[in-house]
Amino acid sequence: MSPSLRTQVGIVGAGPAGLMLGQLLHLYGIDSVILEKRSRQYVVERVRAGVLEQGTVDLMHEVGVGERLAREGLRHDGIYLAFGGTRHRIDMAELTGGRAITIYGQNEVVHDLIEARLTTGRPLHFDVDDVSVHDLDSRSPSIRFRKDGVEHEIACDVIAGCDGFHGITRAAIPAARLRLYERTYPYGWLGILAEAPPSSDELVYSLHDSGFALFSMRSPQVTRLYLQCAPDEDVSRWSDDRIWAELRTRLATDDGWRPNEGPIFQKGVTGMRSFVVEPMRFERLFLAGDAAHIVPPTGAKGLNLAMADVYRLATALAEFYRSGREHLMDVYSERALQRTWRAQHFSWWMTSMLHRSDSDNAFDHRRQLAELEYLVSSRAAMTSLAESYTGTPFDA
Ligand code: APR
Ligand code: PHB
């Protein structure tokens with residue numbers, strides 16, 4: 001790398017948002033540089049969610065990275081809601097005219113996008129330090145960073161902040177220009193991966209007196225499971241035996257169904273938060289993905305929202321470079337926020353319906369059950385859930 005560089009779009013962060021944006025821009029013939037503070041191995045091995053909406057699956061195919069997804073992704077037409085000892089299936093495909101979801105780990109998405117980026121020969125730098133953004137309100141904003149002890153500066157036309165919730169780009173916007181909306185939840189998820197063939201073909205979201213549990217999967221050999229826990233839960237207090245006992249208690253249903261068990265090879269705790277920043281743009285800096293919004297994982301929307309953002313952003317930048325028109329850049333934030341707030345509501349709703357909180361009383365528990373009873377008995381209510389869960393097509 002030379003100490004002084006130029007590109008069209010400087011992208012901070014090589015998560016799904018930054019990498020997909022880079023791939024879309026490449027296909028439009030637009031230059032970009034992607035800067036990532038972590039190592040390639042860290043980014044690829046980081047375990048995250050794994051539910052892809054049809055829009056995300058279609059986008060992966062459109063940008064030429066769908067081959068392994070088509071082979072290894074698991075298409076699910078429905079999900080189960082379990083409560084009171086019974087599993088109820090919601091046939092999402094039947095209710096939505098054929099829309100479904102695909103199970104494919106976010107880390108696999110990231111793996112495939114990195115491979116694609118390397119094939120293009122366009123720059124993607126891991127392990128960069130001290131990334132900072134400058135002159136955001138000028139026509140030539142820049143990014144400074146250090147790589148292997150050497151300082152660099154890249155002059156850009158536009159900067160894309162794809163650096164997640166804890167990144168530096170959102171923080172570089174003057175506070176007076178932003179509005180923040182936030183809710184934290186009094187619980188977290190303890191997630192595990194186990195070498196055990198999934199005992200159900202579809203996900204099971206369960207509400208039990210002891211709290212929420214979720215049955216998911218990664219492959220025909222690997223089950224992914226989550227338990228509601230304290231937000232700051234100490235994983236070391238959870239032996240494998242304790243985890244399985246709690247999962248059996250919360251998931252097993254009266255028809256004899258229960259998750260298959262096997263060696264646990266990954267454990268982690270995630271906090272739960274809803275967060276939105278408005279607007280998702282400051283002058284020549286555009287925010288996308290977790291840098292702009294966080295949803296609790298119950299609705300499985302995080303990755304899909306990030307993909308919808310960068311699809312919209314790439315289209316706006318393509319218009320800018322093709323014609324000089326800034327119209328789509330100007331409406332980017334407003335339109336991306338529409339989709340974001342819809343997903344915020346859905347994720348909050350799924351979360352509050354399915355978790356037990358210390359501040360809830362017996363009334364709240366009965367109310368939750370009444371809502372679930374209605375949901376699984378009304379076609380209108382099931383259709384509403386299915387529509388939001390499978391997601392609407394990405395529009396730009
Ligand atoms: N400089 C460079 N890179 C940074 C910096 C920085 N200062 N700070 C953070 N990053 C990197 C992170 O290491 C990470 O790889 O930015 C990337 C952001 O990626 P994600 O957190 O995965 O966010 P995003 O691409 O928006 O994807 C959203 O991720 O958290 C999940 O549920 C969420 O599925 C959703 C998806
Ligand atoms: C997952 O498989 O990791 C997963 C599935 C559904 C969710 C969240 C996470 O709602």
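Just so you know, ligand 1 is whichever comes first in the structure, and atom 1 is the first atom listed for that ligand. Just so you know, these numbers use all the heavy atoms, side chains as well, and skip hydrogens, waters and symmetry mates. Just so you know, these numbers come straight off a predicted model, no measurement behind them.
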query: Is the closest N or O pair between Val51 and ligand 2 shorter than 3.5 Å?
result: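 Among all N and O atoms of Val51, none is under 3.5 Å from an N or O of ligand 2.
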Please check if the side chain of [X] supplies one atom and the backbone of [Y] the other of a donor-acceptor pair under 3.5 Å.
X: Arg284; Y: Asp157; answer: yes
X: Asp240; Y: Ile243; answer: no
X: Glu202; Y: Gly78; answer: yes
X: Ser142; Y: Glu153; answer: no
X: Arg218; Y: Gly105; answer: no
X: Gln23; Y: Val63; answer: yes
X: Asp163; Y: Thr169; answer: yes

message: If you take the nearest heavy atom of each of Tyr205, Tyr104, Tyr226, which one is closest to atom 7 (C) of ligand 2?
response: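 Residue with the shortest heavy-atom distance to the ligand atom: Tyr205.
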Is it the case that more than 12 heavy atoms not belonging to [X] sit under 6.0 Å from its [atom1] atom?
X: Arg71; atom1: CZ; result: yes
X: Gln41; atom1: CD; result: no
X: Asp358; atom1: CG; result: no

Nearest neighbour in protein (non-hydrogen) for [atom]:
atom: atom 1 (N) of ligand 1; answer: Val131 CG2, 3.5 Å
atom: atom 28 (C) of ligand 1; answer: Asp290 OD1, 3.3 Å
atom: atom 3 (N) of ligand 1; answer: Lys37 N, 3.3 Å
atom: atom 7 (N) of ligand 1; answer: Ile168 CG1, 3.5 Å
atom: atom 8 (C) of ligand 2; answer: Pro297 O, 3.3 Å
atom: atom 2 (O) of ligand 2; answer: Ser216 OG, 2.6 Å
atom: atom 19 (O) of ligand 1; answer: Gly15 CA, 3.4 Å
atom: atom 34 (O) of ligand 1; answer: Gln106 OE1, 2.5 Å
atom: atom 21 (O) of ligand 1; answer: Arg48 NH2, 3.4 Å

Short list, please: which atoms of ligand 1 are under 4.0 Å from a heavy atom of [X]?
X: Val12; value: 1 (N), 2 (C)
X: Asp163; value: 4 (C), 5 (C), 8 (N), 9 (C), 10 (N), 16 (O), 18 (C)
X: Gly289; value: 26 (O)
X: Ala17; value: 24 (P), 25 (O), 26 (O)
X: Cys162; value: 16 (O), 17 (C), 18 (C)
X: Gly167; value: 8 (N)
X: Arg38; value: 13 (O)
X: Leu35; value: 2 (C), 3 (N)

With His88 via ring-ring contact (aromatic ring centres under 6.0 Å, His included) - residues at least two apart: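 Scan of His88 (ring-ring contact (aromatic ring centres under 6.0 Å, His included), adjacent residues dropped) gives Phe83.
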Tell me whether the rings of [X] and [Y] are parallel (<30°), tilted (30 to 60°) or perpendicular (>60°).
X: Trp341; Y: Tyr181; answer: perpendicular
X: Phe145; Y: His125; answer: parallel
X: Phe212; Y: Trp189; answer: parallel

Just which atoms of ligand 2 are under 4.0 Å from any heavy atom in [X]?
X: Gly50; result: 1 (C), 3 (O)
X: Ala300; result: 7 (C), 10 (O)
X: Leu203; result: 5 (C), 6 (C)
X: Ala49; result: 3 (O)

message: Any atom of ligand 2 sitting under 4.0 Å from a heavy atom of Arg218?
response: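 Flag set, Arg218 near ligand 2.
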query: Measuring from the heavy atoms of Trp189, does anything fall under 4.0 Å of ligand 2?
result: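 Yes, Trp189 has heavy atoms under 4.0 Å from ligand 2.
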Using atom types as modelled, flag every donor-acceptor pair under 3.5 Å from a side chain in residues 294-303 to any protein atom, sequence neighbours excluded.
from, atom 1, to, atom 2, distance (Å)
Thr298, OG1, Thr351, OG1, 2.8
Lys301, NZ, Glu53, OE2, 2.6
Lys301, NZ, Ser388, O, 2.8
Lys301, NZ, Tyr389, O, 2.9

Between [X] and ligand 1, does any nitrogen or oxygen pair lie at a separation below 3.5 Å?
X: Pro16; result: yes
X: Glu36; result: yes
X: Gly18; result: no

message: Quick one about Ser32 and Arg117 (side-chain donor to acceptor, distance below 3.5 Å, no hydrogens or angles considered), yes or no?
response: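 Their side chains do contain a donor-acceptor pair, which is all the 3.5 Å distance test asks for.
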